[in-house]
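Notes follow the structure.
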Amino acid sequence: MVALIEFTFAILNALLTIAVWLVIADVIVSWLVQFDVINMRNRVIRNVVNFLDAITHPILRPLRRIIPPLGGIDISPMLLIIVIGAAQQYLLPALENWLISLVI
């Protein structure tokens with residue numbers, strides 16, 4: 001049972017890490033589009049941008065409702081990365097240890 005709990009938390013940690021990387025990729029791609037470095041008329045680029053938007057915007061939407069852009073700069077991705085990092089470093093290990101202690 002302990003191995004199952006550890007496996008579950010390893011998968012959850014990996015998914016949170018992937019979410020962080022997708023948010024970073026979304027921010028970088030949005031900058032590249034904004035500064036006209038990449039062309040949205042390219043079908044592949046448009047599909048990548050739409051994919052990143054579809055994945056990251058539902059996660060960022062609640063934060064964007066609470067925190068408006070500051071001087072035209074959206075800080076919600078940075079805040080999300082900080083929250084995910086804190087959850088990975090403090091909450092997940094504590095929850096995992098607590099569940100393991102219940103099983104043992």
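Of the inter-residue distances, the one linking Met78 atom CE with Ile67 atom CD1 reads 9.0 Å to the nearest 0.5 angstrom. Considering CG of Asn42 and CG of Asn47, their distance stands at 9.0 Å, rounded to 0.5 Å.
When hydrophobic clusters are built by joining Ile, Leu, Val, Met, Phe, Trp and Tyr residues whose side-chain heavy atoms come closer than 4.5 Å, directly or via intermediates, Ile73 is grouped together with Leu63. Following chains of ILVMFWY side-chain contacts shorter than 4.5 Å, one can reach Ile81 starting from Trp21, so the two form part of one hydrophobic cluster. Hydrophobic cluster membership differs between Phe7 and Ile5, with clusters built from Ile, Leu, Val, Met, Phe, Trp and Tyr side chains linked at under 4.5 angstrom. The hydrophobic clustering, which links ILVMFWY residues whose side-chain heavy atoms are closer than 4.5 Å, places Ile82 and Leu91 apart. One hydrophobic cluster holds both Leu99 and Met1 under the rule that ILVMFWY side chains link at heavy-atom gaps under 4.5 Å.
Ser76 pairs with exactly one of Arg61, Arg64, Arg65 by the side chain to side chain donor-acceptor pair (under 3.5 Å) rule, that one being Arg64.
Put simply, the side chain of Leu92 reaches to within 4.5 Å of the side chain of Leu16, judged on heavy atoms. When side chains are defined from C-beta on, Leu80 counts as touching Ile59, because their heavy atoms get closer than 4.5 Å. In this structure, Ile55 and Phe51 have side chains that are in contact, with non-hydrogen atoms separated by less than 4.5 Å. Thr8 has its side chain out of reach of Leu12: every pair of non-hydrogen atoms, C-beta onward, lies at least 4.5 Å apart. A 4.5 Å side-chain heavy-atom check between Leu95 and Tyr90 finds every atom pair outside the cut-off. Within the 4.5 Å cutoff, side-chain heavy atoms of Pro77 are placed close to those of Leu60. Here the side chains of His57 and Asp26 are in contact, with some heavy-atom distance below 4.5 Å.
Within the 3.5 Å criterion, the main-chain N or O of Phe9 finds no donor-acceptor partner in the side chain of Asn13.
Closest heavy-atom contact between Glu96 and Glu6: OE2-CG, 3.3 Å. Scanning all heavy atoms of the two residues, the minimum distance from Pro93 to Ala87 falls at CD-O, 4.2 Å.
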